Amino acid sequence: MTKKSSDTEKYLSLLAQQYPNIASAKSEIVNLSAIRNLPKGTEYFFSDIHGEYEAFLNLLRSASGTIRAKIYMLFSETMTEGEQEELAHLIYFPEEILKVSLLENQYNEEWQRLTIYRIVKLCKELSSKYTRSKVRKKLPPEYSYAIDELLNVDTSDRDKKSYYTQIIRSIIEADAGKNFIHELCILSQRLAVDRLHIIGDIFDRGPRADIIMNELLDFPEVDIQWGNHDISWMGAACGNVALIANVVRIAVSYNNFDILEDGYGINLRPLSMFASKAYKDDPCEYFYPKELDANMFDNVDTQLAAKMHKAIAIIQFKLEGQILKRHPEYHMDDRNILEHIHYEEGTVELEGKTYKLRDNLFPTIDPKNPLELQEGEKELLITLVASFRHSEMLHRHVEFLYNKGSMYLCCNSNLLYHGCIPMNEDGSFTKVKIHKKELSGRELLDAIQQVVKNAYYSSGRNNQKDVDFMWYLWCGKNSPIYGKSKMSAFEGYFIGNNESRKEIYNPYYTLSQQEEYCEKILQEFGLSPEHSHIINGHVPVKLKNGESPVKANGKLYVIDGGISKAYRTQTGIAGYTLIYNSHHLALAEHTISLEDTKGVGNKQVKISPVMKVTETMARRVLVGDTDMGEVITEKIKDLKKLVKAYEDGVL
C-alpha cells in the first residue's frame, strides 16, 4: 500500500466517525449540494472609518440603507413614510428606541404585536437566501424556537395562522415583548449583512474607535485588512514607545481624550503635569487641537491640550530618531529631523533645502544631543508604557485585530488590502529588505504579516527588531500600508510650508489606475484578472473634484470616501460602502444628516445613500461559485469516496 492510499484510508476513517453509514453520508451530500445552489450572501466593504463610531454604527446597522429599502418594498402600501422611518430607526437602535417608547407610553400590547409582525416579515425577506440551519445559527438562544417557528409558519393555512398569532400573544402575555423585539432587531441587522470586510484604518482622527471595535467583536463574520493607523495602535500595544507617543499625539491633536482615558484607561495626568511645567512659557500656538468632536468625559483646557500636544510630539520625534539610529537599513536618516535643525539660527535642513522654523522654542531639547530624553520625559514614558501594557480593553481589541486581521485577503475573486503593493516607476514590484531578505509583491506582504505577529506574540533576540519594524510600517517609504515618501508631521508643526509638507505617493497609486497593472497584481496573488477586483482604501476619493472610486476599467475600487469628518470637506461625501450581493457590485455614496427628533439622544440619523450599480453579474452568483463553494465541493468529493468505501466493504 502506498503512503498516499494509506493517508486516504486514515482520512476516510476519521470522516466515518462523523458519518457512520451510507445513509448519513448520502444525506450530507444532498444537504451540501443544496447549499451550493443557494445565492451567495451579501458582503459589505468599509474602509478608513477613523473612529467615526456614530456614522459607522448607522451604516452597519442599517446595512448602508438596505434595511430601509426592504422596509419600503414590504410596507409602502400599508405604512406611511414616517412609520417606515420609525421602524427602520427601531431596528438600527433597538435598546435606545425601546427605552423612549416605554417612557412615552407607546409600549402597549397592540404596538408590540404589530411591531413583532412587521419585523418578522422583514426577517423572512432578509433570510430568504439562507439555509434554515444558517439562519438558526444567527438566532438568539433565548428565543430561537419561537423565532424559528415564526419565520417558517405558512400563514396562508388557517390553522397555521392561528398558531402564528398565538405565539406572538404568548410572548406579549409573558411580558417578554420588549426583549423579543430587541432580539428581532439584532437578527435583522445580522441577516442583512452576511460578511463584513474592513479595509483598514479603524483608528485615529474620529472620537471613539474603541466603540467601533466593541461592535466588531460581536459581529459573526468579519475580517480586517490592517491599515497604518491600526498598525500604529497594534505597535503601541507591542511596547513600541515611538508608536505609544504617536497614538497619544494624534488623539490629543484631534481632541480625542475620551478614547485614551475613558476607552482604554490611559493615564494622561503625568503628561499634563509634565507639559504644564516644561512648556509653561511656550504659547504652543501651532499645537492647538482640532475640535471636530467634543469630549463627553475628559474635557481638557485647549491651552493645556496644546502644551500636551507639543510635549508628546517632541518626545515622539526623539524616539523616532533613536529607531532610525538603530536601523540604518530603513534608509530614512533624512527623517531624523531633530539632528538636522540648526538651533541657534532657527532653521532646519530638509531634502537639500533650508527652511526657517516658525516655532523655535525647544525647552526639552539639548542641541548637542537632540535625541536624548530628559528625566521628566523618561518618567512620563514609564507611566505611559505601563498604561498601555495594562489596558485590558486595548489588548482585547488588539488581539481581535490579530485574530481577524491580515495584510491582505483573497476572498471570492476580490483582492483586499489597505494601501498599496509597492511598485517602481517601470511597473515592477519594489524589493524591500525584511530582516536581511529582499522581497516583493505577495512574498513581501506574507513576510510582513509574520513580522507583525512576531512583534506581539514572540520574545527573544529578534523581538525588538520586529517591534521597531511596526514603526516603519506606520510611516516608512516602502511600507505597503503607507506608501508615501515621508510622514510630514514635523513640517506641519514647525514649518507650515506646503512645499515642505508634500508627501509623494508610491508609483502604485498612478500605475494601478491602468488595467494592465491591476491584472499584474491580481496574477501575483493567484487570482484570475478576468473576473477579479482589487479593493483598497487609504487615499480619499475626492468625488466633488470629479474623481471616481472605480478605476482601471472596473478592476480597482478605492473606497476611502470620507467617513472621517476630517476628510469630508475634501471628498464632498460621508463615505462609501461597497456591496457585493448575488446580482451585482454596487457603491453606496453616503450623506449623513442629523435631524432633531424625540429619538435617540434627540437626534435621528437619516441614511440616504446614492446607490450605483457598478457591475452586474452575468448570472446570479451562487454559493457554489464562492470560496466556500470550493470547500463544499471538495467535501462532497470526499463524502462520495466515503460512500464508495462503504459500498466496497473497505470501511
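Because the structure is predicted, anything quoted here is derived from the model rather than measured. Just the heavy atoms: all of them, side chains too, but no hydrogens, waters or symmetry mates, feed the values below. Counting from 1, the numbers follow the sequence of the chain as shown.
- Side-chain contact between Pro140 and Ile186: absent, with no pair of heavy atoms (C-beta onward) separated by less than 4.5 Å.
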Checklist entry - Which is it for Ser406 and Tyr417 under the side chain to side chain donor-acceptor pair (under 3.5 Å) test, yes or no, and what are the steps along the way? => result CA-CA 9 Å; Ser406 58; Tyr417 52 84; over 6 Å; no

Checklist entry - Do Asp201 and His418 pass the side chain to side chain donor-acceptor pair (under 3.5 Å) test, and can you show the C-alpha distance, the side-chain angles, and the key distance before you say yes or no? => result CA-CA 8 Å; Asp201 278 359; His418 176 71; 3.1 Å; yes

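- Within the 4.5 Å cutoff, the side chain of Leu32 has heavy atoms near those of the Leu639 side chain.
- A salt bridge is absent between Glu43 and Arg195; no separation between the charged side-chain nitrogens and carboxylate oxygens falls under 4.0 Å.
- Residues meeting the salt bridge (charged side-chain N to carboxylate O under 4.0 Å, His left out) test with Lys134, sequence neighbours left out: Asp194.
- Of all non-hydrogen atoms in Ala588 and Ile579, the two that sit nearest each other are CB-CD1, 4.5 Å.
- No salt bridge links Glu52 with Arg208; every basic N to acidic carboxylate O contact stays at or beyond 4.0 Å.
- For the pair Arg136/Leu139, a side-chain contact is recorded, criterion being any heavy-atom separation below 4.5 Å from C-beta on.
- Across every non-hydrogen atom of Lys290 and Asn255, the tightest pair is O-CB, 3.4 Å.
- Here the two rings, on Phe45 and His197, have centers that are under 6.0 Å apart.
- With sequence neighbours left out, the salt bridge (charged side-chain N to carboxylate O under 4.0 Å, His left out) criterion links Glu221 to no other residue.
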Contacts under 3.5 angstrom, residues 392-400 side chains, donor-acceptor by atom type, not counting sequence neighbours:
{"residue": "His395", "atom": "ND1", "partner": "Tyr456", "partner atom": "OH", "Å": "2.9"}
{"residue": "His395", "atom": "NE2", "partner": "Phe388", "partner atom": "O", "Å": "2.9"}
{"residue": "His395", "atom": "NE2", "partner": "Arg389", "partner atom": "O", "Å": "3.2"}
{"residue": "His397", "atom": "ND1", "partner": "Tyr264", "partner atom": "OH", "Å": "2.7"}
{"residue": "His397", "atom": "NE2", "partner": "Asn214", "partner atom": "OD1", "Å": "2.9"}

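- The salt bridge (charged side-chain N to carboxylate O under 4.0 Å, His left out) test applied to Glu28 returns no partner, not counting sequence neighbours.
- No hydrogens or angles considered: a donor-acceptor pair under 3.5 Å links the side chains of Tyr163 and Glu149.
- In terms of the side chain to side chain contact (heavy atoms under 4.5 Å, CB included) criterion, residue partners of Ala192 (sequence neighbours excluded) are, by chain and number, Ala63, Ile67, Leu126.
- Remark: Arg113 engages Glu110 in a salt bridge (charged side-chain N to carboxylate O under 4.0 Å, His left out) (not counting sequence neighbours).
- Counted by atom type alone, Trp233 and Asp204 present one or more donor-acceptor pairs between their side chains at under 3.5 Å.
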